[in-house]
Amino acid sequence: DTGVSQDPRHKITKRGQNVTFRCDPISEHNRLYWYRQTLGQGPEFLTYFQNEAQLEKSRLLSDRFSAERPKGSFSTLEIQRTEQGDSAMYLCASRREGHTGGEQYFGPGTRLTVT
Amino acid sequence: ILNVEQSPQSLHVQEGDSTNFTCSFPSSNFYALHWYRWETAKSPEALFVMTLNGDEKKKGRISATLNTKEGYSYLYIKGSQPEDSATYLCAFSPGNKLVFGAGTILRVKS
């Protein structure tokens with residue numbers, strides 16, 4: 001299967017710890033997106049990359065959050081000094097650059113629980 | 001602020017029933033409307049991407065319509081099956097990102 005993969009699938013951490021998640025997009029996709037979903041809500045946009053360039057960041061992405069895509073392939077999302085409000089499902093998606101209505105392919109997500 | 005609304009929030013139907021959901025979205029700056037199905041512990045799966053006013057798309061027992069002028073889309077499931085149980089998300093695309101509604105949770109009882 002050559003879909004979008006995310007690691008880990010689940011992460012439990014204590015408040016104040018740092019966590020890092022990884023996303024491997026579909027190989028020929030040059031656009032990579034991060035979304036966050038909290039209980040009862042739909043996924044919310046966090047940031048996206050075209051190749052290695054981070055082109056847009058949401059106001060939701062506080063200073064404690066940083067995302068990278070160093071070689072234009074996989075991406076990491078790091079949360080520093082986690083807070084209980086960071087508990088959520090973190091979804092990664094990728095697509096090939098083209099018309100803006102293009103379908104995004106999602107990974108299974110990383111569920112973060114901050115205790 | 002871009003707001004995407006979905007109704008109903010949840011739906012319980014019997015196997016064989018037909019059902020439909022509504023998604024309303026801003027009618028300005030429209031590029032595309034996406035429908036996804038998200039089953040527990042799996043990746044959200046794209047059902048349809050619609051771009052033109054009046055678009056109608058169909059995949060098996062599932063179909064969708066789009067009205068960009070009034071800002072709504074309907075998703076229809078004919079003859080629901082237990083395997084249709086999932087959260088159905090619609091997402092409005094004003095450009096490069098997706099703006100999602102909160103989803104409709106469908107449970108189909110056999």
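The figures here come from the full heavy-atom set of this structure, side chains too, leaving out hydrogens, waters and symmetry mates. Computed from a prediction, not measured in an experiment: that's the story for all the values here.
When A:P43, A:S58, A:G109 are compared by the number of non-hydrogen pairs under 4.5 Å with chain B, A:P43 comes out ahead.
A:L61 and A:I79 end up in the same hydrophobic cluster when Ile, Leu, Val, Met, Phe, Trp and Tyr side chains are linked at under 4.5 Å. B:F48 and B:V99 fall within a single hydrophobic cluster, where Ile, Leu, Val, Met, Phe, Trp and Tyr are joined by side-chain heavy atoms under 4.5 Å apart, directly or via other members. B:I77 and B:L89 are not part of a single hydrophobic cluster, where members link through side-chain heavy atoms under 4.5 Å apart. Under the 4.5 Å side-chain heavy-atom criterion for Ile, Leu, Val, Met, Phe, Trp and Tyr, B:V4 and B:F30 are members of the same hydrophobic cluster. By the criterion of side-chain heavy atoms lying less than 4.5 angstrom apart, applied directly or through intervening Ile, Leu, Val, Met, Phe, Trp or Tyr residues, A:I12 is not grouped with A:Y90; the two fall into different hydrophobic clusters.
Side-chain contact between B:S43 and A:V4: absent, with no pair of heavy atoms (C-beta onward) separated by less than 4.5 Å. Looking only at side-chain heavy atoms (C-beta outward), A:Q37 and B:W38 come within less than 4.5 Å of each other. A:R31 places a side-chain heavy atom less than 4.5 Å from the side chain of B:N96.
Using a 4.5 Å cut-off between heavy atoms, A:L55 does not touch chain B at all. A:R111 does not touch chain B: none of its heavy atoms, backbone or side chain, sits under 4.5 Å away. Heavy atoms closer than 4.5 Å to chain A are found in the side chain of B:Y36, but not in its backbone. With a 4.5 Å cut-off on non-hydrogen atoms, B:L98 touches chain A through its backbone and its side chain both. The parts of A:Q104 that come within reach of chain B are both its backbone and its side chain, each placing non-hydrogen atoms under 4.5 angstrom from that chain. Neither the backbone nor the side chain of A:Q50 comes within less than 4.5 Å of any heavy atom of chain B. Contacts of B:K97 with chain A are made by both backbone and side-chain atoms, with heavy-atom separations under 4.5 Å.
Closest of all the heavy-atom pairs between B:P44 and A:G107 is CD-O, 3.6 Å. Nearest heavy-atom pair, A:R9 versus B:A41, reported as atom, atom and distance to 0.1 Å: NH2-O, 3.2 Å.
Surrounding CD of B:E45 are more than 12 heavy atoms belonging to other residues, nucleotides or ligands, all under 6.0 Å away. Within a 6.0 Å sphere centred on CZ of A:R64, other residues, nucleotides and ligands contribute more than 12 heavy atoms. Within 6.0 Å of NZ on A:K14 lie no more than 12 heavy atoms contributed by other residues, nucleotides or ligands. Atom CD of B:Q14 is surrounded by more than 12 heavy atoms from other residues, nucleotides or ligands within 6.0 Å.
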For this session: Show your reasoning for whether ring-ring contact (aromatic ring centres under 6.0 Å, His included) applies to B:F100 and A:F45.
Result: CA-CA 9 Å; B:F100 283 89; A:F45 170 78; over 10 Å; no

